[in-house]
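All remarks here apply to the structure that follows.
The chains referred to below are lettered A, B, ... by the order of the sequence lines, with proteins before strands, and numbering in each begins at 1.
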Amino acid sequence: MNVEDLLLQQAAAAVTALYDAQVDEKQLQLQKTRKEFEGEFTLVVFPLTRISRQKPEETAEAIGTWMLENTAAIQAYNVVKGFLNLALTDAFWLGHLQTMRGFSDYGMAQPSGRTVMLEYSSPNTNKPLHLGHVRNNLLGYSVSRILEANGHKVIKANLINDRGIHICKSMLAWQRYGNGETPESSGLKGDHLVGKYYVLFDTHYKEEVAELEAKGIDNETAKKEAPLLKEAQEMLRKWEANDPAIRSLWETMNNWVYDGFETTYRDLGVSFDQYYYESNTYLLGKETVEEGLAKGVLYQKEDGSVWARLSDFKLDDKLLLRADGTSVYMTQDLGTAIERFRQFPDLKQLIYTVGDEQNHHFKVLFLILGMLGYNWAKDCSHLSYGMVDLPSGRMKSREGTVVDADDLVAELDEQAAVATREKGKLEGMSEEELQKLFRMIGLGALKFFILKVDPQRRMTFNPEESVSLNGNTGPFVQYSHARIQSLLRKIPHSMEDAVVTDQTLLAPERSLIALLNDYPRIVKEAGTGYSPALLANYGYDLAKSFNQFYNEVKINDPQSPAAQVHFRLALADMVGRVVKSCMGLLGIEVPDRM
RNA sequence: GGCUCUGUAGCUUAACUGGAUAGAGCACCGCACUACGGAUGCGGAGGUUCGGGGUUCGAAUCCCUGCAGAGUCACCA
């Protein structure tokens, strides 16, 4: 049994013994004791005063006395207003440290038997990945790791939007202005090459619109009638009709993009188990809609278009098939979801990591799936996150005002290299090891910076200023880990003789052990709340507490008994393990030296 | 206009989902340690938690209301 449950059980027993009453869990609030007070756990007794019919202080005093007498692990208690602070014995904490050290995968939950699919990234193939995708990728990947830590089997899915008018725009511009340029001939990364033509399309398209307007045509008409757009639309029709030449060009250019994406994903340290392509899935939704129509769940308008009626949910009706029978975004999402549950019959949950601009879309998607009779619709959820803005405002791909993902990684490598060459302990490291280290630190800074913020929050990202290496940052946590490994390297020891139970603990030692005790709970909460931020904050707290301990206590003090040195090393070792595990759940690696 | 989300120190943010004197980092000022790693630690200053009501032992958190920003309500994805 864990400490918290033990204390809760004893508190309940105390209430029964003292007041002859039962309490339910809601009334027993146990929290961590705030730093300014003595103790490690605090029972909030305000809710219990109804039972005790006494003042909060008297109630706390009575329960404290009873618990102290009846619980071996409790060393002392104190009462502040309605708060009963409990301090556990050194022997208890030392024993508990041993227990924690005994787990090879401390903090990880037992297998749950649940299979969960987590979709993230989901890029378009007409342009390179940018800062917005970076947040998506880091969030999705981290949540997948967290869910695994909670014992679930996770399928990481990427839905690639590889068809549509925007793809045709890049293709058309390349045909017109590309002169056969390829990634090989230009030396450009494939996704960047294609993105270049997407921007080029927009430039020429705007020119055409301006020309038409000069002839006295109004803006709205000009936008619709510009020859380039007409031609792109024609290209899309040909694509849908399986025109061999168009399909061939489409495949070629998409493959350039996929190569580019793979590089970016690898650089970011994220990966996928399943890829889905809209060019395959967009047809799947159509038959579903036809079935829904036949069953009378959906309805058809006079022009032949098919709709879902959502007035019962106080939402506007949603179009699912156009009058000409072609599908929309929602149609293919219906098909994709159904396909996934068919493909993985034991799927218990489907989570979509998508920006909050699509909150409404997913609300509607899940409603329609439910209307169509799929009872797993309740197992679908939208992991929504806020957009990333630049100081200059919102990013716009077409206008080229984006922070490119590859540029960002390169910039971080550079910053990490400068700082590390200046401050680091790098003697004897090969150039290859150094590059790996710089990447680790640069990415550590970026990932921590992005993941420590609650996903729901919109964030402003200043590329020059945002990513710092000091304070509440990834490198700070990484540094603490390197420092611990340095200790373990330099001080002779054997972990076997670190079994110690008769130490007198100093305050920073107690709080470190108590903090280690929190880890499994944090992992669990991060899992239910899909919240990497909880782990980032925990990792920072742990690293900070370790540094406080380190500054206060000289571990390899010749005055200290060997047993004490060994105990402190064992403590440091355990902190290092948990730091590594915790950062791992954020997708952040930690170095042994830096 | 309807619906949804957000608003916390100059900046970036936390608060165990209603608990103690709102906690950190950056920047600013001042200290510590001559080492087991200074990418550190300690202290100072900085807050009407957007404003106004309400609920209760207790509100950044819940309810009402106003203000500001964003998203969405597309036969774009």
Side-chain angles (χ1 to χ4, degrees), chain A residues 29-37 42 44-47 49-50 55-56 80-83 85 122 124 126 161 163-167 278 303 305 307 314-316 318-324 326-330 332-333 355-361 363-364 384 386-387 389 394 419-420 422-425 441 449 452-454 456-462 465-466 468-473 475-480 482-491 518 521-522 525 529 533-534 536-537 540-541 543-544 546-557 565 568-569 572 593-594:
Chain A
Q29 292 178 34
L30 192 71
Q31 57 192 38
K32 293 211 76 185
T33 302
R34 299 178 63 121
K35 261 187 268 174
E36 57 267 38
F37 302 102
T42 296
V44 184
V45 301
F46 290 106
T49 52
R50 256 178 226 173
K55 288 178 185 166
V80 180
K81 292 193 272 184
F83 298 91
N85 300 321
S122 307
N124 292 345
N126 61 331
N161 178 5
R163 61 162 217 112
I165 188 74
H166 50 293
I167 315 288
E278 287 198 359
D303 65 0
S305 57
W307 297 73
K314 294 182 179 174
L315 296 169
D316 292 342
K318 179 68 195 176
L319 174 100
L320 297 177
L321 282 181
R322 297 190 185 98
D324 64 3
T326 57
S327 64
V328 294
Y329 180 48
M330 184 62 79
Q332 75 82 20
D333 258 3
D356 62 7
E357 58 192 354
Q358 294 194 37
N359 285 353
H360 181 258
H361 172 79
K363 191 174 170 187
V364 170
S384 167
M387 297 288 103
D389 289 321
R394 195 170 175 174
T420 305
E422 182 191 333
K423 303 180 193 171
K425 309 237 168 185
I441 293 171
F449 179 82
K452 77 176 178 184
V453 180
D454 182 84
Q456 251 189 346
R457 271 181 109 98
R458 202 179 173 96
M459 67 192 300
T460 305
F461 189 92
N462 185 332
E465 295 170 13
S466 290
S468 150
L469 308 178
N470 301 320
N472 187 353
T473 66
F476 171 87
V477 181
Q478 290 172 322
Y479 170 79
S480 308
R483 191 182 227 186
I484 288 168
Q485 299 315 314
S486 171
L487 271 177
L488 296 171
R489 275 194 303 271
K490 288 183 181 167
I491 303 175
D518 292 338
R521 200 191 72 236
I522 300 289
E525 284 173 9
L534 285 178
N537 291 326
Y540 173 70
D541 282 345
K544 188 172 166 60
F546 177 79
N547 284 327
Q548 286 168 336
F549 160 71
Y550 182 91
N551 269 278
E552 207 165 312
V553 172
K554 183 168 170 64
I555 293 170
N556 196 21
D557 188 343
V565 174
R568 287 174 174 164
L569 283 173
R593 299 168 52 191
M594 65 187 272

Strictly under 3.5 Å: I want the nitrogen or oxygen pairs between protein and nucleotides 4-6 of chain B, one per line.
| unit_1 | atom_1 | unit_2 | atom_2 | d |
| --- | --- | --- | --- | --- |
| B:U6 | OP1 | A:Gln456 | OE1 | 3.3 |

### Query
Ring stacking, A:Phe37 with base of B:A20, under 5.5 Å and under 30°?
yes

Short side-chain N/O contact to B:A24 OP1/OP2 from A:Arg34, under 4.0 Å: no

TODO: Just call it for A:Glu552: base, sugar-phosphate, or nothing, with non-hydrogen atoms closer than 4.0 Å on any strand.
DONE: nothing

Under a 3.5 Å limit on both distances, the Watson-Crick or wobble mate of B:A15 is none

Among B:U40, B:G37, B:C75, the one nearest any side-chain atom of A:Met594 is B:G37

B:C42 phosphate, OP1 or OP2, under 4.0 Å from A:Gln548 side-chain N/O: yes

By the Watson-Crick or G-U definition, both distances under 3.5 Å, B:C36 is matched with none

inquiry  = Classify A:Thr42 by what it touches in the nucleic acid, base, sugar-phosphate, or nothing, heavy-atom distance under 4.0 Å.
reply    = base

Query - Heavy-atom donor-acceptor pair, A:Arg593 side chain to A:Lys425 backbone, under 3.5 Å - result: yes

Expressed in whole Å, how much space separates the P atoms belonging to B:A20 and B:A60? 9 Å

Against the side chain of A:Tyr329, the closest entry in B:A39, B:A77, B:G71 is B:A77

*For the pair A:Asp518 and A:Arg521, find out whether any cationic side-chain nitrogen is under 4.0 Å from an anionic carboxylate oxygen.*
yes

**OP:** Check whether any side-chain N or O of A:Arg322 sits under 3.5 Å from a backbone N or O of A:Ser327 as a donor-acceptor pair, and report yes or no.
**Re:** yes

Does the ring centre of A:Phe476 sit less than 6.0 Å away from the ring centre of A:Tyr479? no

Using a heavy-atom cut-off of under 4.0 Å over every strand shown, decide if A:Met387 touches base, sugar-phosphate, or nothing.
nothing

The nucleotide from B:A39, B:G37, B:G25 with an atom nearest the side chain of A:Ala482 is B:G37

Using a 4.0 Å heavy-atom cut-off across all strands, classify A:Gln31 as base, sugar-phosphate, or nothing.
base

The glycosidic conformation of B:U17, counting syn as within 90° of 0 and anti otherwise, is syn

>> Give me the distance, rounded to whole Å, that separates B:G43 from B:A59 when you measure between the P atoms they each carry.
In response: 28 Å

- Query: For atom C1', what is the distance between B:G52 and B:A15, given to the nearest Å?
  - Reply: 25 Å

Inset, instruction - Would you mind classifying the nucleic acid contact of A:Ala533 as base, sugar-phosphate or nothing, using non-hydrogen atoms under 4.0 angstrom? - result: nothing

| message | Say we look at B:U55 and B:A22: how far apart would their P atoms be, to the nearest angstrom? | response | 23 Å

For B:G58, the nucleotide meeting Watson-Crick or G-U wobble distances (both under 3.5 Å) is none

Review point. With a non-hydrogen cut-off below 4.0 angstrom, is A:Glu278 in contact with a base, only sugar-phosphate, or nothing?
Key: sugar-phosphate

Note to self: What contact category does A:Thr326 fall into here, base, sugar-phosphate, or nothing, at under 4.0 angstrom with non-hydrogen atoms?
What the structure shows: nothing

A:Arg483 versus A:Asn547, side-chain donor and acceptor atoms under 3.5 Å: yes

Taking the six-membered ring for Trp, is the centroid-to-centroid distance between A:Phe37 and A:Phe83 below 6.0 Å? no

If you measure from the P atom in B:G7 to the same atom in B:U12, how many Å do you get, rounded?
13 Å

Next item on the list: Keeping the roles fixed (side chain from A:Asp454, backbone from A:Gln456), state whether a donor-acceptor pair exists under 3.5 Å.
Entry: yes

Side-chain contact check for A:Tyr550: nearest option of B:A77, B:U21, B:C36 is B:C36

Just call it for A:Asn85: base, sugar-phosphate, or nothing, with non-hydrogen atoms closer than 4.0 Å on any strand.
base

**Prompt:** Would you call A:Phe83 stacked on B:A20, i.e. ring centres under 5.5 Å apart with the planes less than 30° off parallel?
**Reply:** yes

Taking a pair to mean Watson-Crick or G-U wobble geometry with both distances below 3.5 Å, B:C31 pairs with B:G41

For B:U61 versus B:U17, give the span between their C1' atoms, rounded off to a whole number of Å. 8 Å

**Item:** Residues A:Thr473 and A:Ser468: side-chain donor-acceptor under 3.5 angstrom
**Value:** no

Of B:G37, B:G25, B:A15, the nucleotide closest to the side chain of A:Tyr540 is B:G25

Next on the checklist: Work out how far the C1' atom of B:C31 is from that of B:C36, and round it to whole angstrom.
Outcome noted: 23 Å

With a 4.0 Å cut-off on heavy atoms, is A:Val565 in touch with a base, just the backbone sugar-phosphate, or nothing at all?
nothing

Paired to B:G1 by Watson-Crick or G-U wobble criteria (both distances under 3.5 Å) is B:C73

- Gap in Å between the two C1' atoms, one belonging to B:C28 and one to B:A9, rounded: 13 Å

With the side chain defined as heavy atoms from C-beta on, A:Val328 is closest, among B:G25, B:C75, B:G37, to B:C75

Against the side chain of A:Arg483, the closest entry in B:G41, B:A35, B:G37 is B:G37

- If you look at every strand shown and take non-hydrogen atoms under 4.0 Å, does A:Lys423 touch a base, only sugar-phosphate, or nothing? base

Tell me what A:Asn472 touches on the nucleic acid: a base, only sugar-phosphate, or nothing, going by heavy atoms under 4.0 Å.
-> sugar-phosphate

| message | Once you measure the plane-to-plane angle for A:His361 and A:Tyr329, does it fall in the parallel (<30°), tilted (30-60°) or perpendicular (>60°) bin? | response | parallel

Note: A:Lys452 and A:Ala533 closest approach over all heavy atoms is O-CB, 3.5 Å

(request) Tell me what A:Lys314 touches on the nucleic acid: a base, only sugar-phosphate, or nothing, going by heavy atoms under 4.0 Å. (result) nothing

*If you look at every strand shown and take non-hydrogen atoms under 4.0 Å, does A:Phe476 touch a base, only sugar-phosphate, or nothing?*
sugar-phosphate

Partner of B:A20 under the Watson-Crick or G-U wobble criteria, both distances under 3.5 Å, comes out as none

Between A:Val565 and A:Asp557 the two heavy atoms that sit nearest each other are CG2-O, 4.3 Å

*Steps toward side chain to side chain contact (heavy atoms under 4.5 Å, CB included) verdict (A:Arg568, A:Val553)*: CA-CA 9 Å; A:Arg568 287 174 174 164; A:Val553 172; 3.3 Å; yes

Answer with base, sugar-phosphate or nothing: what part of the nucleic acid does A:Asp518 contact at a heavy-atom distance below 4.0 Å?
nothing

Kindly say if A:Lys425 contacts the phosphate of B:C36, meaning a side-chain N or O under 4.0 Å from OP1 or OP2.
no

Of the candidates B:A24, B:C73, B:A39, the side chain of A:Lys544 sits closest to B:A24

Partner of B:U6 under the Watson-Crick or G-U wobble criteria, both distances under 3.5 Å, comes out as B:A68

- prompt: Can you tell me if the side-chain N/O atoms of A:Lys490 get under 4.0 Å from OP1 or OP2 in B:C36?
  reply: no

